[in-house]
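To find a chain, count down the sequence lines: A is the first, B the second, and so on, and within it residues start at 1.
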Amino acid sequence: VAQEAITGGFNVTAEVDVETIEASARRARNQAATRMVRYTALKLVALVFTVAVGVYITVIIANMGGHLDTIRRGAIRENVNLMLSQDIQFRMLSPEERASIIAETIAIEEQRLGLDRPFLTRSFEFLGDAMTLNLGFSQLLSSDSGSRLVRNIILERLPSTLVLFGTANLLLFFVALFAGLSLSRRYGSIADKAVLAMAPTSAAPGWFYGLFLILIFAALLRVLPFGGMVGAPPPDNPLDYALSLMRHMILPVAAWLMASIFLTAYNWRTFFLIYSSEDYVEMAKAKGLPDSMIERRYILRPTLPNIITSFALLVITLWTGAIIHETVFNWPGIGQLYYRAIGVFDTPVIVANVVLYAYLLALTVFVLDFIYALVDPRVRVGEGSQNR
Amino acid sequence: MSKRYLTLVAFLLLVAAVLAACGGETVVEVTRVVTETEVVQAEPEVIEVTRVIEGEVETVEVTRVVEVEAASEEELSRMGGWLDTIVILEEPNADAGMARLIAGDIDMYADDVGGSAAATALASPEIQTRVQYGLYDELTFNTTVCADENLLNPFNNRAIREAMNWIIDRDYVANELYNGLAVPKYTTIAEAGADRGRFAAEIRAIENNYGYDFDRAAEVINSEMEAMGATLEGGVWTYNGSPVNLIFLIRIEDTRLEIGNYISNQLEDLGFTVERVERTSGELSPLWISSDPLECLWNVYTGAWSQTAISRSDVDNFEYFYTPRGLNSPTWAAYEVTPEFDDLALRLATNDFTSMEQRAEMTQEALFMAAENANRVWITSRTTLLPFSNDVSVTTDLAAGISGAALWSKTVRFVDRVGGSMTIGLPSVFTEPWNPRGGSNWVFDNMVKRGISDLSFYADPNTGLLVPGKAEGADVVIQEGFPAGATYDWVNLTFEPEIVVPDDAWAAWDAENQVFLTAAEVYTEPQTSVFKSTVYYPSEMFDATWHDGSPISAADFVMRMIMYFDQANEASPYYDEALVPEFNSFIAAFKGVRIASTDPLVIEHWGDDAQLDAENTLYSYYPSYRWGDETPWHTMALMLSGYANQKFAFTDARATEFEVERISTIGGPSLAILAEELEIAAEAGFIPFAPTLGDFITAEEAAERYSNIAEFARRYGHYYAGTGIYIMTGVFPVEGQAVLTHNPAHPDPALRWAGFAAPALAQVEIDGPGRVVIGEEAVFDVFIDNPVTGGPYAMNDIDSVSFLLFDATGAQVAFADAEAVEDGLWQVTLGSDITGELEEGSNRLEIVAVSKLVALPGLGNFEFVTAP
């Protein structure tokens with residue numbers, strides 16, 4: 001039996017008996033599996049190591065290399081003194097009694113924040129907790145409902161961020177993608193030129209347009225809300241609540257789209273333009289295939305890995321929210337939370353945000369390798385770039 | 001003002017002008033029209049008062065138009081709060097808050113605003129504003145000699161620190177840097193405080209001495225720097241061959257950035273090299289408050305201090321701000337003061353004086369000593385704005401604004417109607433967990449709590465004196481020799497040579513056996529105290545209920561008593577180390593407590609922490625805890641039992657130690673734990689501290705209360721049941737909203753607090769001769785109006801009206817009291833002996849009117865020329 005098989009880099013072309021071929025195939029499969037496992041393990045180790053390094057750097061930065069302890073001690077001393085000095089009973093005590101109470105209160109707070117232990121020890125504790133996703137308790141921030149569990153703090157804000165930026169980014173992604181695809185097929189048309197001309201508008205961020213939108217639609221025309229997530233008071237009925245939510249999303253989503261839609265569409269259009277001029281596309285055109293088929297089969301398909309990568313990264317980017325955008329629209333999302341955490345140096349919350357994002361990113365990168373292999377026959381997992 | 005009144009004013013002014021012209025040059029006729037609004041049921045009336053002073057050549061005619069506005073039937077019958085609902089929502093940005101106010105999206109922004117937001121508020125016809133005091137700017141100096149001999153710290157020199165006063169043009173700071181939203185400040189006495197009026201003359205004298213005078217500052221500083229071994233080379237001060245470098249810590253969060261840069265420029269003009277370190281609070285506090293001043297890591301810092309309530313006494317500030325005992329900080333530890341000033345400061349801080357006159361003398365001395373010592377130099381007192389819509393009426397506290405005003409919810413309403421829904425913006429809502437022992441102390445959280453809670457006594461938003469709420473009155477007995485006084489008639493103040501704590505008063509708490517120990521059991525000798533307060537509650541109080549329907553009872557008060565002690569005792573199952581410092585503050589002055597009667601409830605307290613005002617020398621034991629959480633015994637029981645089982649904790653410190661959540665009665669994971677504890681407590685008929693509370697609670701009452709709170713939590717989704725005029729019916733933490741709904745069962749009529757809706761700031765106008773002959777008597781009329789009534793200020797409501805006279809050189813020539821003539825009218829007579837001392841030129845007469853109704857004195861001035 002003559003057979004040609006391409007398995008794991010071995011090229012077997014010979015007249016051999018079936019057993020030899022089967023053995024070879026088995027060996028090749030085993031080698032491929034081993035290579036796959038080794039590749040997966042190495043990739044995972046590398047990713048986890050990268051995450052650990054990233055998280056530890058975050059811990060160091062969030063604590064200013066340990067200088068935060070000095071800041072904290074100063075702030076505690078100042079806050080305790082000021083808080084107690086507002087207390088008339090306290091002010092009437094003797095100087096010795098006052099000093100004793102202040103010292104006692106400061107010691108309790110320093111102990112609570114772990115300032116009685118060396119920073120180096122605590123930095124590795126932070127790292128260990130983060131890597132095992134033991135997010136623990138925040139130091140200063142509370143969730144909106146009053147929880148100090150970092151998990152609750154984040155989970156409470158996550159839905160509002162996801163609903164806003166999920167909507168905005170999905171709209172942006174798909175509208176821009178298909179607009180880009182369409183424009184790439186209409187190179188030089190009026191629509192193409194219009195998008196090209198409008199692309200520089202993305203130099204301004206979404207919140208910048210948001211300010212104008214608020215001014216026009218909330219302050220002047222008074223037809224849309226200034227900000228917030230729902231009306232005041234929040235409707236009891238879920239349907240009314242959803243409608244109110246949608247109404248409050250109009251301006252932030254519009255601002256987000258205004259800031260990005262033209263540039264993103266332009267990017268996709270340029271990207272697709274390269275693929276649109278491939279020989280096989282020209283051939284397809286010459287064969288008289290319909291545009292939709294050309295777009296779907298001859299342009300979209302070979303660019304699928306890029307599209308999927310872009311989409312996957314977009315999805316995990318939703319996680320971080322957008323600090324200024326949320327602030328301008330007073331949207332209770334992760335971005336605002338992150339901003340507050342940085343402002344008060346709440347290391348557990350900062351680290352939790354980073355480690356979760358890092359894990360999501362690592363997971364995405366990891367999974368994307370396999371997805372590439374599934375959607376693109378040219379890609380082989382674990383074979384290295386020379387075989388692609 | 002309507003067209004009718006404008007016409008009337010114009011007509012009267014015309015008549016006055018004609019009469020003045022006809023009457024000859026010796027007759028001065030002054031006509032004033034005052035509109036007065038009273039809440040009575042009667043027709044509008046016009047009252048005309050004419051006064052002619054015999055023997056004088058001056059006639060004053062006062063015409064008062066009184067518009068009488070009756071309360072409507074609806075207003076008279078309204079119980080509890082004026083509004084049907086209040087929606088409080090989060091709006092962190094003040095500028096956005098103003099835009100929403102203008103657009104009618106919110107009705108009030110309940111935080112004070114400055115900068116661009118204030119400018120918007122002032123410019124908008126849709127917004128009315130009130131002024132809030134209570135935030136002061138100053139310079140804090142490092143007063144040490146640097147450990148490094150090559151470094152020179154000029155601020156170790158007292159004279160240079162004092163001269164810093166003269167390089168600061170406070171008017172420029174207030175008018176240009178703050179755009180008029182600040183006033184110059186020269187002393188530690190608070191603008192919104194009782195002492196501001198008492199020491200107006202001394203403060204004015206200090207202002208006169210320490211006003212902007214750059215040349216004078218340069219002269220002093222040059223001389224002192226040379227004496228310290230520095231040399232001025234090419235316009236730059238050098239020391240040991242290097243420029244004298246001043247490290248100026250400048251805060252960047254507010255106008256202190258501009259102030260710091262302005263003063264840096266002034267210092268550079270004097271020849272100093274200034275290193276401007278512009279940072280946030282967190283970044284600078286390790287330097288200015290914690291670093292060793294000998295290291296000279298900084299020289300001067302742009303400090304600011306806040307006042308969260310109207311101050312009844314500021315004389316302890318001398319110790320706090322100027323002596324090493326003030327703050328637990330190396331910066332303070334390095335302060336050096338003269339033994340005389342140190343002694344004065346200590347005595348003033350510990351109320352070591354026997355009369356108000358002695359206190360005044362001591363304070364007068366201390367004020368000048370503090371200015372000379374100059375460990376810090378005061379710059380401005382900010383006058384931020386409280387913005388709200390024109391159709392809103394609300395109580396604002398002079399120092400605490402709206403969010404800090406105890407009575408805000410009692411008075412807030414739409415001016416043209418009863419009921420309705422009001423939307424209020426706040427910078428943050430539900431900032432931290434709420435619980436009565438270690439919960440949120442954020443001012444905005446406390447504002448919401450005040451909306452749904454009651455108190456035994458409320459701080460008067462204009463004077464800082466307490467006024468009865470749930471309580472109806474009090475007796476205060478103070479040891480003879482302590483110079484206390486009483487302003488209001490609801491408190492009965494008496495003095496006794498000795499106040500003995502009775503044997504049966506509770507004097508301590510046995511946490512193990514959960515019983516109070518009497519004075520006889522605790523002490524071997526009879527104990528005396530500085531004061532005894534007796535607070536009387538009306539018997540109708542027990543007819544009222546908590547928001548869950550449970551009647552208020554004596555047990556709620558006894559629980560409050562127990563909570564003063566129990567959690568600071570290690571033998572208690574509810575012990576919390578973080579609550580020990582609070583207990584230590586309390587116990588240091590506590591001598592005993594006794595329930596004299598349970599119905600009506602009468603509570604006696606013996607203690608040593610008496611204050612100058614009898615109104616504020618009270619312990620009510622009302623079940624409102626440290627940060628204003630009004631809490632019935634049964635919800636406290638649920639928290640205690642969950643805490644004892646380490647399911648959650650009251651304080652942050654304990655929560656961290658147990659690795660559990662901090663208790664929140666309004667949201668988060670605590671709600672599930674509270675529900676769990678409620679089930680257990682209801683089943684077991686749990687009565688906390690049963691050996692004591694068992695005498696006040698029956699098993700049936702306990703069962704009923706647990707059932708009530710369960711229903712309340714089911715209906716509203718939280719466990720904060722207060723007794724206030726509004727019930728919190730909606731908690732939306734993520735959306736940042738709270739919904740308060742009118743409590744129709746509240747026993748107070750809505751009109752009860754109407755008198756506190758606006759501050760009766762005395763408005764002073766002076767009229768008199770523009771030209772005075774030296775050596776001849778001159779008489780000036782001082783008109784004082786009450787803006788709340790729109791009429792003249794009643795004599796009974798004025799504490800004092802005094803005048804200061806400054807001659808053409810700016811020197812103070814006279815200080816004395818004005819003479820009361822009638823309501824709204826005082827007179828200043830400058831005798832020939834006084835005018836004889838004046839030189840030719842322009843003189844200034846300044847009036848200080850101190851009201852009993854408001855802590856802020858009314859000020860006015862009048863310029864006149866003197867000629868031979």
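- With a 4.5 Å cut-off on non-hydrogen atoms, A:I71 touches chain B through its backbone and its side chain both.
- Interface check for chain A: of the options B:S313, B:S306, B:P433, the most heavy-atom pairs under 4.5 Å are formed by B:P433.
- Taking chain A as the reference chain and counting heavy-atom pairs below 4.5 Å, the highest number among B:F732, B:F430, B:W305, B:F648 is found for B:F732.
- Contact annotation for A:L140: only backbone heavy atoms (N, CA, C, O) come within less than 4.5 Å of a heavy atom of chain B.
- Heavy-atom distances place no part of B:E657 under 4.5 Å from chain A, backbone and side chain included.
- Residues B:E432 and B:R662 are paired through a salt bridge, judged by an N-O separation under 4.0 Å between the basic side chain and the carboxylate.
- Of the listed residues (A:M229, A:E97, A:R98), the one with the most heavy-atom contacts under 4.5 Å to chain B is A:R98.
- With respect to chain A, the highest number of heavy-atom pairs below 4.5 Å among B:D652, B:T323, B:N584 belongs to B:D652.
- Of all heavy-atom pairs between B:D445 and B:T431, the closest is OD1-N, 3.0 Å.
- Aromatic rings of A:W256 and A:H325 (six-membered ring for Trp) have centroids within the 6.0 Å cut-off, being under it.
- Aromatic ring centres of B:F321 and B:W332 lie farther apart than the 6.0 Å criterion allows.
- Under the 6.0 Å cut-off for aromatic ring centres, A:F208 and A:F212 qualify, their centroids lying closer than that.
- Only the side chain of A:F137 comes within less than 4.5 Å of a heavy atom in chain B; its backbone stays farther off.
- With a threshold of 4.5 angstrom between heavy atoms, B:R654 does not approach chain A through any atom at all.
- Atom CZ of B:R100 sits about 10.5 Å away from atom CG of B:N93, to the nearest 0.5 Å.
- Chosen from B:D316, B:T651, B:T423, the residue pairing most often with chain A at heavy-atom distances under 4.5 Å is B:D316.
- Residue contact with chain A, scored on non-hydrogen atoms closer than 4.5 Å, is absent for B:E582.
- In terms of heavy-atom pairs under 4.5 Å with chain B, the best-connected choice from A:I102, A:I106, A:L141, A:V328 is A:I102.
- A donor-acceptor pair under 3.5 Å is absent between the side-chain atoms of A:N330 and the main chain of A:G227, judged by distance alone.
- Residue B:V660 touches chain A through its backbone alone, counting heavy-atom pairs closer than 4.5 Å.
- Contacts of B:L327 with chain A are made by both backbone and side-chain atoms, with heavy-atom separations under 4.5 Å.
- Neither the backbone nor the side chain of B:N616 comes within contact range of chain A; no heavy atoms are under 4.5 Å apart.
- Of all non-hydrogen atoms in B:Q307 and B:A190, the two that sit nearest each other are OE1-CB, 3.5 Å.
- The part of B:T656 that comes within reach of chain A is its side chain, from C-beta onward, which places non-hydrogen atoms under 4.5 angstrom from that chain.
- Per-residue counts of heavy-atom pairs under 4.5 Å with chain A were compared for B:G667, B:S664, B:P581; the largest is that of B:P581.
- Salt bridge annotation for A:R117-A:E125: present, with a cationic side-chain nitrogen under 4.0 angstrom from a carboxylate oxygen.
- For chain A, the nearby parts of B:A578 are the backbone and the side chain; heavy atoms of each come within less than 4.5 Å.
- Using a 4.5 Å cut-off between heavy atoms, A:R222 contacts chain B through its side chain alone, with no backbone atom that close.
- A distance of 12.0 Å separates CG in A:D116 from CZ in A:R112, rounded to the nearest 0.5 Å.
- Contact of B:Q737 with chain A is made through the side chain alone, with heavy-atom distances under 4.5 Å.
- Of the two parts of B:W288, only the side chain, counted from C-beta on, holds a non-hydrogen atom closer than 4.5 Å to a non-hydrogen atom of chain A.
- Heavy atoms of B:T308 lying under 4.5 Å from chain A belong to its backbone as well as its side chain.
- Both the backbone and the side chain of B:V734 come within contact range of chain A, judged by heavy atoms closer than 4.5 Å.
- Interface remark: of the candidates B:E661, B:R626, B:E735, B:E661 forms the most heavy-atom pairs closer than 4.5 Å to chain A.
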